[in-house]
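Notes to accompany the following structure.
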Amino acid sequence: LYIVVFIVLSFILTFEHINISGDSFYDTLKHSLFTIASVLTTTGFATIDYNSWSHLAIATIFLAMLFGANAGSTAGGIKIIRHIIIFKTLFSEFKRTLHPNNIISVFVDGNKQNEKILDSTFGFLTLFLITVGIITIYVYAKGYDAMSAISAALATVGNIGPGFSLVGPACNYSFFSDIDKIVLSFAMLIGRLEFYTVLLLLSRSFWHKF
């Protein structure tokens, strides 16, 4: 699935950009493949300023930012396996609605997923979206445009690196104030430690054990 997502998004980006630019197919394909690979793996590198590409191209890159890497990877993002579990769980809920008397379970690679894993996955997604939302509101409230705010939030929480607009691949985060950088750094820390670890450290009951 990860390879399919990579290929599909890369070719969407390639054919969209080649239609509106004078670049050769080779150059467009090269930059598109590298851009999607960099965003999916949260590597943070860029070979071109895709900030100036079309709306569909930017939307494609933005979509890649939501996928993240594979399970077990040190990369950031939501991770592909969580998307699989979420969509399979939602599909199973639709089937339960149609067949309320049936026992329907979620399987991944032939292995039944218990309720603890499903709850943890949806909990992670909820915390991810809440954190991105809070950081977006914070950056936007400081006077920056909406695209800079939401992409900076998603790029830091997902540990992706570059975003769009003021934090695009040809720019950096140096213009933010010291307080803003601390907030964004904390967002990176939360995303890197995948939320539960940080929230556990902020829990009073955790420290009562010591």
Side-chain angles (χ1 to χ4, degrees), residues 1-10 13 31-48 50-51 57-87 108 117-140 144 147-174 176 180-202:
L1 179 60
Y2 192 79
I3 294 175
V4 169
V5 169
F6 168 69
I7 292 175
V8 169
L9 293 181
S10 296
L13 195 60
H31 291 303
S32 297
L33 288 171
F34 189 92
T35 298
I36 296 299
S38 179
V39 172
L40 277 179
T41 57
T42 67
T43 306
F45 292 115
T47 57
I48 195 171
Y50 53 74
N51 209 25
I58 291 176
T60 303
I61 300 171
F62 193 89
L63 182 62
M65 295 173 73
L66 295 174
F67 278 102
N70 278 317
S73 170
T74 56
I78 296 176
K79 306 287 176 62
I80 291 292
I81 185 61
R82 290 194 178 99
H83 286 287
I84 294 173
I85 292 175
I86 288 168
F87 280 107
V108 176
I117 293 178
L118 302 183
D119 292 342
S120 176
T121 302
F122 274 90
F124 175 90
L125 179 63
T126 302
L127 290 173
F128 185 93
L129 295 177
I130 289 175
T131 305
V132 169
I134 291 174
I135 300 300
T136 298
I137 293 172
Y138 172 83
V139 176
Y140 187 71
Y144 301 104
M147 180 58 81
S148 296
I150 190 171
S151 64
L154 186 58
T156 51
V157 175
N159 285 262
I160 298 166
F164 301 103
S165 191
L166 297 177
V167 293
C171 309
N172 55 55
Y173 291 75
S174 62
F176 284 111
D180 295 342
K181 290 175 184 175
I182 291 173
V183 172
L184 293 174
S185 296
F186 186 65
M188 291 178 66
L189 181 64
I190 295 176
R192 171 59 64 189
L193 298 180
E194 299 204 331
F195 304 98
Y196 288 114
T197 304
V198 177
L199 295 178
L200 183 65
L201 292 175
L202 298 177

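Keep in mind it's a predicted model, so treat the numbers as computed, not measured. Hydrogens, waters and symmetry mates play no part in the numbers below; they use all other heavy atoms, side chains included.
Remark: H83 pairs with F67 by the ring pair (Phe, Tyr, Trp, His ring centres under 6.0 Å) rule, at least two apart or across chains. Every residue two or more places apart in sequence or in another chain that forms a side-chain hydrogen bond (donor to acceptor under 3.5 Å, both in side chains) with S32 is listed here: T14. With sequence neighbours excluded, the residues forming a side chain to side chain contact (heavy atoms under 4.5 Å, CB included) with I130 are T126, I134, listed by chain and number. In this structure, D119 has no salt bridge (Lys or Arg N to Asp or Glu O under 4.0 Å) partners at least two apart in sequence or on a different chain. For A75, the side chain to side chain contact (heavy atoms under 4.5 Å, CB included) partners at least two apart in sequence or on another chain are T42, A69, S73. Take L33 and apply the side chain to side chain contact (heavy atoms under 4.5 Å, CB included) test, not counting sequence neighbours, and it matches F6, S10, L29. Under the side-chain hydrogen bond (donor to acceptor under 3.5 Å, both in side chains) criterion, T47 pairs with H31, not counting sequence neighbours. With sequence neighbours excluded, the residues that form a side chain to side chain contact (heavy atoms under 4.5 Å, CB included) with T197 are L193.
Counting non-hydrogen atoms of neighbouring residues, nucleotides and ligands closer than 6.0 angstrom, the CD1 atom of I3 reaches no more than 12 such neighbours. Open room surrounds CZ on F87; 12 or fewer heavy atoms of other groups in view lie less than 6.0 Å from it. By the neighbour-count criterion of 12 heavy atoms within 6.0 Å, atom OH of Y140 is sparsely surrounded, having that number or fewer from other residues, nucleotides or ligands.
The line from CD1 of I81 to OH of Y2 is 13.5 Å long, rounded to the nearest 0.5 Å. Between the CD1 atom of I61 and the CG atom of L40 there is a distance of 11.0 Å, given to the nearest 0.5 Å. Atom CG of residue L9 and atom OG1 of residue T60 lie 6.5 Å apart, to the nearest 0.5 angstrom. Separating the CD1 atom in I135 from the CD1 atom in I190 is a distance of 6.5 Å, to the nearest 0.5 Å. Rounding to the nearest 0.5 Å places CG of L125 at 11.5 Å from CD1 of I85. Distance check, rounded to the nearest 0.5 Å: CD1 of I58 to OG of S151 gives 9.5 Å.
Contacts classified as salt bridge (Lys or Arg N to Asp or Glu O under 4.0 Å) and involving residues 59-86 (residues at least two apart or in different chains) are given here: K79-E194, R82-E194.
Side-chain atoms of S38 do not come within 3.5 Å of backbone N or O of F34 as any donor-acceptor pair.
Nearest heavy-atom pair, A153 versus V132, reported as atom, atom and distance to 0.1 Å: CB-O, 3.5 Å. Summarising the geometry of L127 relative to T131, their closest heavy-atom pair is O-OG1, 2.7 Å, with the distance given to 0.1 Å.
Using a 4.5 Å cut-off on side-chain heavy atoms (C-beta onward), I150 and F62 make contact. With contacts defined as side-chain heavy-atom distances shorter than 4.5 Å, the pair F128/L154 qualifies.
Ring to ring, F124 and F195 are close: their centroids are under 6.0 angstrom apart. Between F176 and Y144, the gap from one ring centroid to the other is short of 6.0 Å.
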Between I36 and V5, does the side chain to side chain contact (heavy atoms under 4.5 Å, CB included) criterion hold? Intermediate values first, please. CA-CA 10 Å; I36 296 299; V5 169; over 6 Å; no
Apply side chain to side chain contact (heavy atoms under 4.5 Å, CB included) to the pair Y138 and L184, showing each step before the final yes or no. CA-CA 10 Å; Y138 172 83; L184 293 174; 5.9 Å; no
Report all side-chain donor-acceptor pairs from residues 158-174 shorter than 3.5 Å, counting only partners two or more places apart or in another chain.
{"residue": "N159", "atom": "ND2", "partner": "V157", "partner atom": "O", "Å": "3.4"}
{"residue": "N159", "atom": "ND2", "partner": "M188", "partner atom": "O", "Å": "3.2"}
{"residue": "S165", "atom": "OG", "partner": "D145", "partner atom": "OD1", "Å": "3.3"}
{"residue": "S165", "atom": "OG", "partner": "D145", "partner atom": "OD2", "Å": "3.2"}
{"residue": "S165", "atom": "OG", "partner": "S148", "partner atom": "OG", "Å": "3.0"}
{"residue": "N172", "atom": "OD1", "partner": "S174", "partner atom": "N", "Å": "2.9"}
{"residue": "N172", "atom": "OD1", "partner": "S174", "partner atom": "OG", "Å": "2.5"}
{"residue": "Y173", "atom": "OH", "partner": "G161", "partner atom": "O", "Å": "2.7"}

